[in-house]
Amino acid sequence: MNFSSKLIEDAVMAFSKLPGIGKKSALRLVLHLMNQETVHTEQFSEAILKMRRNIKNCKNCHNVSDQDICNVCNDPHRDRSLLCVVESIRDVMAIEDTGQYRGLYHVLGGVISPIEGVGPDTLYIDQLIIRAQAEEVKEIIMAISPTIEGDTTIYYITKQLKDTNVGVTTIARGVAFGGELEYADELTLGRSIISRIPYGSR
Amino acid sequence: MILKKISLSNFKNYELEQLEFSSGVNCFVGKNGMGKTNLLDAIYYMCMCKSNFAVNDRNIVRKGEPFFRLEGAFLRNELNEKLVCKVIPGTKKTIELDDVPYAKILEHIGHYPIVMIIPDDTLLATEGSENRRRFMDMTLSQMDQDYLRHLMAYNRVLKQRNAALKAFAKQGNFQLGLINTYNQQLLEPAAYISEKRKHFCTGFEPVFAEVYKNVSGDAEQVEVNYKSHLLEEDFEDLLIQTMERDRILQRTTIGIHKDDLVFKIDEFALKKFASQGQLKSFVLSMKLAQYELLYLEKNIYPILLLDDIFDKLDGDRVRQVLELITNGKYGQTFISDTHPNRVQQILTELGIENKQLKIENGKAVLIENEEA
């Protein structure tokens, strides 16, 4: 692409570094900003800059937070006996969106995968063990992807927790809501049959 | 099971080609490098969702083209089926059965059972155990999708365990907890695979002995034994015992990825005593026994591919092999041969339905049977 302005070129380059943004989309965004009042762009860049400078990780659960301790951990109405272990902050958002969970979280920052150079000490596993030893925690819910690496992580953490009194559970794996049985893959359906639940229990 | 028609686009040296086949024996003749093997490989691809030769799909696409596509018209259990493979290297390949794409490609493996016999099969007898494990895996994967699933899981965990061992060596530490985790994860798939391989071997031996007798015409005693660490001791104990060795060597030294099949002719190990002729009979028998086992398990005649195996065989021997594979025990067959008319002549003499196609630079021409 040829630009008559170096300023526009730089801005397009900056936008196109973002995920999912190609050069053409970047140009569209830049031209949009250019055609608006300067104050819009000032507010826009200030919001981004402020976010980036001030965003923190919660010291407790490693979720994103504006303060040292996040809103979830600070909420007095939350059930402190429940700890939900997830891979990333996106999983926290997904579970929060369900509105079904009232406990606390623990973000690991990934799953164990030595092939990718991720070992147990690269993740917040030690911190989880320390939290689990706190008196109030009774149950740890593993909400981790059902992959080989996810299973490794769950098994490893469970072993590390064997000297504590907390119970470990995993989220149910099975047939999706609104999904028809005949379209469920054999593995999923098979597991759903094995881990069936009494009718009316949920 | 019959492959009635195939269309190839951009598959190796085929730009665009459509062929119809006989339900009996189809013979592809032509000089070296014309694309006979590629045609067989295309058939193999439609059954196994991968090439028997190329590791990477990129190497299958015709030079300068972005994709390849295969379409086959099959007759299976008296039903007409259409299978399409669309492959754009670098993206997820699509396999469609009657226009419905498979969610997981492994669900297709075994739907169209297939056995391919190639000159390199002698490696099965002469080279490392890897070849023989692959032979077992190829057979069992077509019989049982859970086998393939467990095998993939085992290999994934093994890869992670080895990566962990390497990482520990590099960092100068060792996390027993993580290795123990991987040990636990290996147990279930290993037990499943080991059990299936043992069972396979038990069923394979008598079938193989019978085929070998027919192929070689000899009354030699043949024996097939499944060799595995897991037969000797509990796998979990073994993993603990070898932990120190694994740590030093930075890889997993024990498990089903070290399994082997041990063959004996008249109580002597095949590797040491077989002559070239014996060797060829031996591996041909292995593949034909594989065919018969697949048939017994699935009750569908697999497709049989013979790639260039008549090279260096005299006329009598070629005739003997052709008589064997047309004795009614085997279904639709595809043969490639550099020798024009040789196979067709014998088959016509034997009264076997056949079709001969001349392959030249990625184009096929039907050759009418002179006597027909």
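Below, chain A is the first sequence line, B the second, and so on; all start at residue 1.
- Aromatic ring orientation, B:Tyr112 versus B:His108: perpendicular (interplanar angle above 60°, classes split at 30° and 60°).
- Using bins of under 30°, 30° to 60° and over 60° for the plane-to-plane angle, the ring pair B:Phe200/B:Phe135 lands in the perpendicular bin.
- Among the candidates A:Gln160, A:Lys159, A:Glu149, the residue making the largest number of heavy-atom pairs closer than 4.5 Å to chain B is A:Glu149.
- Under the 30°/60° scheme for interplanar angles, the aromatic rings of A:Tyr124 and A:His62 are found to lie parallel.
- Counting heavy atoms from C-beta on, the side chains of A:Tyr155 and B:Gln184 come closer than 4.5 Å.
- Using a 30° and 60° split on the angle between ring planes, B:His150 and B:Tyr192 fall in the parallel class, below 30°.
- B:Tyr182 touches chain A through its side chain: at least one heavy atom from C-beta onward sits under 4.5 Å away, while N, CA, C and O do not.
- Looking at B:Arg161, neither its backbone nor its side chain comes within 4.5 Å of chain A, counting heavy atoms on both sides.
- Chain A forms more heavy-atom pairs under 4.5 Å with one residue of B:Lys166, B:Gln160, B:Arg156 than with any other, namely B:Gln160.
- For B:Ala103, no part lies under 4.5 angstrom from a heavy atom of chain A.
- Heavy-atom distances place no part of B:Ala167 under 4.5 Å from chain A, backbone and side chain included.
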